[in-house]
Amino acid sequence: MEPPPQTMGMGNALELIQRQLADDEEQQGAAAAAASELGTGLLPVPDAPAPAPMSASVLAGIAAGNINLTTSTDRMALSGAAKTEVDRHEELLAQFERRKQIRQLHVPTDDGEVKKMLREYANPICLFGEGPGERRDRLRDLIASLGDRAAIRKRPLTEDVGGEAQDEVQEVWYHEGSAELKEERMKIAEYSLTKARDRLKRARLKLARPDPEENADRQKLHNRLRNFGNYCSQVGDNRPISSCEFSPDGKTLATASWSGLCKLWSVPECTLKRTLKGHTQRVSCITWHPQATLSQESSALNMATSDADGVVRLWNLDSDAPIDTIKGHSKRVPRLSFHPSGRYLGTACYDNSWRLWDVERKEEVLHQEGHSRPVYCMAFHKDGSLVGTGGLDAHGRIWDMRSGKNVLVLQGHLKEILGIDFSSNGYHCVTGSDDHTVRLWDLRQRKSVYTIPAHTNLVSSLKYHPDGETLVTGSFDNTAKIWGMPGCSSLKTLNGHEGKVMCVDISNDCKFVVSGSYDRTFKLWATE
């Protein structure tokens with residue numbers, strides 16, 4: 001009896017496969033022998049191990065065409081999409097490795113050193129809108145991209161560049177002053193020595209007090225300030241309130257507005273007493289004479305104001321019109337301040353300079369340059385020996401009024417300095433900036449000793465209380481804050497304005513705080 005056709009076909013297929021495998025082995029052996037005999041240098045192909053015996057089911061699958069066997073070493077070509085995906089994966093791996101290397105690089109944290117290294121690598125030391133953090137990241141990326149070539153491309157300019165930078169900082173030009181200026185400096189020196197003597201005497205008396213009494217008084221003051229709330233709110237003008245300041249006796253409040261009007265208000269009633277008309281442009285600042293409402297006569301000079309045109313006007317308490325005008329500024333005068341003696345008036349100007357005026361003679365005593373950008377704010381030391389200026393170049397400068405020297409440069413803010421003031425202790429100074437911080441400077445150590453992350457927007461104004469233990473700040477985040485100094489502790493946040501706070505002040509008796517805002521109102525804050 002003959003077997004079924006399927007069984008005969010399977011047997012024939014197996015015989016065919018075994019015959020093909022045997023032929024392949026013979027061909028490989030012949031090729032290896034030929035290569036060895038001809039001396040072509042090709043290594044002989046090692047004998048392949050004997051194939052394992054196949055089961056009947058595997059053989060059946062091969063015969064049916066369901067299992068394919070091949071001895072070819074060719075690989076299947078990838079499609080275009082697959083190649084793109086592989087390339088993307090390799091690029092991601094390269095990026096991760098590059099970022100890892102960048103994180104492991106050590107670069108200087110000092111901005112001056114970073115600029116020096118960028119110059120050594122023949123790269124721009126500063127790009128438009130670039131801050132110190134971005135500049136440091138750029139240096140790190142540059143070193144990572146150069147790799148081993150970083151040491152080769154680095155030019156040996158460290159000593160020369162450092163010397164040049166040092167020369168630039170230390171190089172100062174002095175102009176010969178007039179005999180009148182020397183005479184005024186002598187008067188300022190005599191006044192400041194007397195004030196310094198009195199200040200040191202008070203400091204010794206304060207130091208002699210027992211610490212428990214001093215701490216108890218400070219704690220009592222801080223507790224009272226923590227209870228400050230909105231005592232009065234008043235619409236000050238139909239334009240934003242740009243400046244406000246209490247009179248020395250604390251009974252009158254002066255406000256200035258972008259409308260060009262200045263107004264006097266009673267405290268604490270907040271009723272209008274007088275409107276001062278004389279400016280035709282936005283009024284930038286209003287300030288009181290140190291002896292106004294105290295020993296100064298009402299018909300004498302009691303106030304000074306400045307506007308966007310650079311016009312400075314002087315006022316008394318008897319008239320609604322200015323009693324005199326100081327001219328000489330070609331650009332905006334954003335801030336002005338009386339010298340503690342009351343004889344001089346300092347003005348900050350957008351022509352990158354500040355000036356000192358003799359208010360009795362109405363003459364310019366000093367025209368001082370030094371900032372690379374407009375000077376925005378200024379304040380006198382309580383002794384009258386120093387004056388501090390802050391500019392839109394992010395630098396503050398301390399000037400000795402007796403010698404004319406720039407004795408200290410306040411470097412540390414990342415953006416424009418918009419406020420500056422001195423403490424009554426004689427050695428502390430604070431600056432507020434567009435970088436949202438307030439910095440406390442120690443003039444003895446000649447450095448910043450504390451940085452307060454004060455607000456979430458630029459610090460527009462700040463003011464020390466005469467006791468030196470309280471600081472008030474205002475910001476474009478619509479708040480004003482009270483701080484305990486010199487510990488820089490936050491005592492109270494004054495919320496209530498609907499617009500940017502543009503100016504703040506604190507009364508000499510520490511009973512009231514005032515804030516003026518872009519919402520055209522000023523608010524009086526006191527113990528609730």
Can you find a side-chain donor-acceptor pair between [X] and [Y] that sits under 3.5 Å?
X	Y	answer
Thr271	Ser266	yes
Thr456	His436	no
His371	Asp393	yes
Ser259	Asp237	yes

Carboxylate-amine/guanidinium proximity below 4.0 Å for [X] and [Y]:
X	Y	result
Arg209	Asp217	yes
Arg199	Asp383	yes
Lys382	Asp421	yes
Lys251	Asp249	no
Asp400	Arg402	yes
Asp358	Lys362	no
Asp351	Arg355	yes
Arg361	Glu180	no
Glu113	Lys116	yes
Asp324	Arg313	no
Asp111	Arg135	yes

Checking Asp467 against His465 for the side chain to side chain donor-acceptor pair (under 3.5 Å) test, could you report, in this order, the C-alpha distance in whole Å, the side-chain angles of both residues, the deciding distance, and whether it holds? CA-CA 5 Å; Asp467 63 5; His465 185 262; 2.9 Å; yes
Check: [Y] and [X] side chains under 4.5 Å, non-hydrogen atoms:
X	Y	value
Val504	Thr473	no
Leu225	Trp483	no
Pro124	Arg138	yes
Lys500	Asn478	yes
Met117	Leu139	yes
Asn230	Trp525	yes

Heavy atoms of other groups near [X] [atom1], more than 12 under 6.0 Å:
X	atom1	result
Arg332	CZ	yes
Phe338	CZ	yes
Lys277	NZ	no
Glu130	CD	yes

Closest non-hydrogen atom pair, [X] against [Y]:
X	Y	result
Ser306	Leu336	CB-CD2, 3.2 Å
Cys244	Val514	SG-CG1, 3.8 Å
Thr293	Pro248	OG1-CD, 3.6 Å

Close aromatic pair by centroid cut-off 6.0 Å: Trp441 and Tyr450: no
Carefully, step by step, assess Trp288 and Phe246 under the rule ring-ring contact (aromatic ring centres under 6.0 Å, His included). CA-CA 8 Å; Trp288 290 87; Phe246 286 108; 9.9 Å; no
Cation over ring face, Lys492 and Phe228, 6.0 Å, 45°: no
Partner residues of Phe422 under the ring pair (Phe, Tyr, Trp, His ring centres under 6.0 Å) criterion, sequence neighbours left out: His381
So Phe380 and His339, would you call those rings parallel, tilted or perpendicular, with 30° and 60° as cut-offs? perpendicular
Any residue meeting salt bridge (Lys or Arg N to Asp or Glu O under 4.0 Å) with Lys206, in chain and number order, not counting sequence neighbours: Glu214, Glu469
Determine, step by step, whether Trp258 and Tyr518 satisfy the ring-ring contact (aromatic ring centres under 6.0 Å, His included) criterion, reporting the C-alpha distance in whole Å, the side-chain angles of both residues, the deciding distance to 0.1 Å, and the verdict. CA-CA 10 Å; Trp258 283 3; Tyr518 194 82; 5.7 Å; yes
Step by step, work out the side-chain contact (heavy atoms from CB on, under 4.5 Å) result for Arg274 and Cys262. CA-CA 8 Å; Arg274 176 168 292 139; Cys262 301; over 6 Å; no
